[in-house]
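Only this structure's heavy atoms are used, side chains among them; waters, hydrogens and symmetry mates stay out. Indexing begins at 1, ligand by ligand and atom by atom, following the structure's order.
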Amino acid sequence: MYKIAVIPGDGIGSEVMQVGLGVLESVCKKHQIEYEAVDFLLGAEHYLETGEALSDETLEKLKSFDTILLGAIGSPKVAPGILEKGILLKLRFALDQYINLRPVRLYPGVESPLKEKVANDLDYVVVRENTGGLYTGIGGRSMVGSINEVASQSMVYNYAQVERCLRYAFELAQTRERKKLALIGKSNVLTHVFDLWLRVFDEIRQSFPDVKTEYYHVDAACMHMVRSPEMFDVMVTTNMFGDIITDLGAETQGGMGMACSGNLNPTKTTPSMFEPVHGSAPDITGQNKANPLAMVMSVKMMLEFLNENEAAKSIDQAIVDVSQKSFHKMSTDEIANALMASLQK
Ligand code: IPM
Ligand code: MN
């Protein structure tokens, strides 16, 4: 019996979550998986009512769950940063979800802006370090408002953080057919930080002789992701670079509606969290327009993480069925119905 915490969140979050939960229910019935889903109504509304984004009490409750499914966080009703930092980043850090795993895969029938590329040409996964780097907010400001104002935020990594992230990436690469791992950095400018990453990379590589390793600067990596994405299998990088390159990756796989992610604590000592990469999309909220496939892929990732591989495969097949049906012209509900029909086959 799995305990799953559900945070629909803001904007289109609850619309896509509904589809995700429908798929979860259907696939769990089919594969005799038992679970209990408990809603947590966090987000703009809750913050405006209580003045609290995510209380320590709620955080403690969340720790007793196996996994967390998250829709989207962020709202034009609240100043930027408050909900993102107060909920999303707080969860990632407090639950030590040190890996952000983001697959980039072009599903059959989906139009990529890289028109001549076909489905199997894009099938890689980005391992984004998720609890360190520029996101720790180490830095400060002084003399605010004067021409001498200074502001700084540092890219900070320690050995242990780098080691556990790279080790996860090597282990993941080893399970994949092509067994290729590319470290993405900027060792020509950020010499201290990437000297550390490259040294640890070299160290761990000795224990994975079957994994083929490469290194690219982040700017060159962006170029390759557009020009020849087929060269990538597993990419591993820092928190900030990972944030940026996965938006690029998302676009090349057919847009944000096709991009899922897992915020993982691979040690399983705290719950991991699965969320679509798209945000709350206030511009299309409530219009039955949101593409729920990223949410459904996040449900699939969650089941894989729980080792429910048969159930995950059922979902993947349903997505493949729907992706070939010009789903970009379909409403949220229509996509949901098509997924359900495919799951019940
Ligand atoms: C993401 C988002 C978040 C991030 C924001 C909302 C804090 O862009 O999940 O990629 O930067 O990590
Ligand atoms: Mn992002």
Q: Look at the aromatic rings of His217 and Tyr215 and report parallel, tilted or perpendicular, splitting at 30° and 60°.
A: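 Rings of His217 and Tyr215: perpendicular, as their planes differ by over 60°.
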Q. Do the ring planes of Phe241 and Phe194 sit parallel (below 30°), tilted (30 to 60°) or perpendicular (above 60°)?
A.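 Parallel.
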Ring-face cation contact, [Y] with [X], 6.0 Å cut, 45° max:
X      : Y      : result
Arg105 : Tyr124 : no
Lys268 : Phe305 : yes
Arg199 : Tyr157 : no

Write none if no such pair exists; otherwise list each N/O atom of ligand 1 with its protein N/O partner under 3.5 Å and the distance.
unit_1, atom_1, unit_2, atom_2, d
ligand 1, 8 (O), Asp243, OD1, 3.4
ligand 1, 9 (O), Arg92, NH2, 2.7
ligand 1, 9 (O), Arg102, NH2, 2.8
ligand 1, 10 (O), Arg102, NH1, 3.1
ligand 1, 10 (O), Arg102, NH2, 3.1
ligand 1, 10 (O), Arg128, NH1, 3.3
ligand 1, 10 (O), Asp243, OD1, 2.9
ligand 1, 11 (O), Tyr135, OH, 2.6
ligand 1, 11 (O), Asp243, OD1, 3.4
ligand 1, 12 (O), Arg92, NH1, 2.7
ligand 1, 12 (O), Arg128, NH1, 3.4
ligand 1, 12 (O), Arg128, NH2, 2.8

Q) In the hydrophobic clustering (ILVMFWY, side-chain contacts below 4.5 Å, transitive), which residues join Val277, or is it alone? A)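 Other cluster members: Met256.
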Q) For Leu91, which fellow cluster members are found when Ile, Leu, Val, Met, Phe, Trp and Tyr are connected by side-chain heavy-atom distances below 4.5 angstrom, either directly or through intermediates? A)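 Traced through the cluster, Leu91 reaches Ile7, Val38, Phe40, Leu42, Tyr47, Leu48, Leu54, Leu59, Leu62, Phe65, Ile68, Leu70, Ile73, Val78, Ile82, Leu83, Ile87, Leu88, Leu95, Met273.
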**Q.** For the Mn ion (ligand 2), every protein N/O/S atom that sits closer than 2.8 Å, waters excluded
**A.**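 Result, waters dropped: Asp243 OD1.
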**Q.** Check against salt bridge (charged side-chain N to carboxylate O under 4.0 Å, His left out), Arg92 and Glu275
**A.** CA-CA 12 Å; Arg92 289 179 184 172; Glu275 49 161 338; 2.9 Å; yes
Q) Is there side-chain contact between Glu308 and Ile315, with heavy atoms separated by less than 4.5 Å? A)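 No, side chains not in contact.
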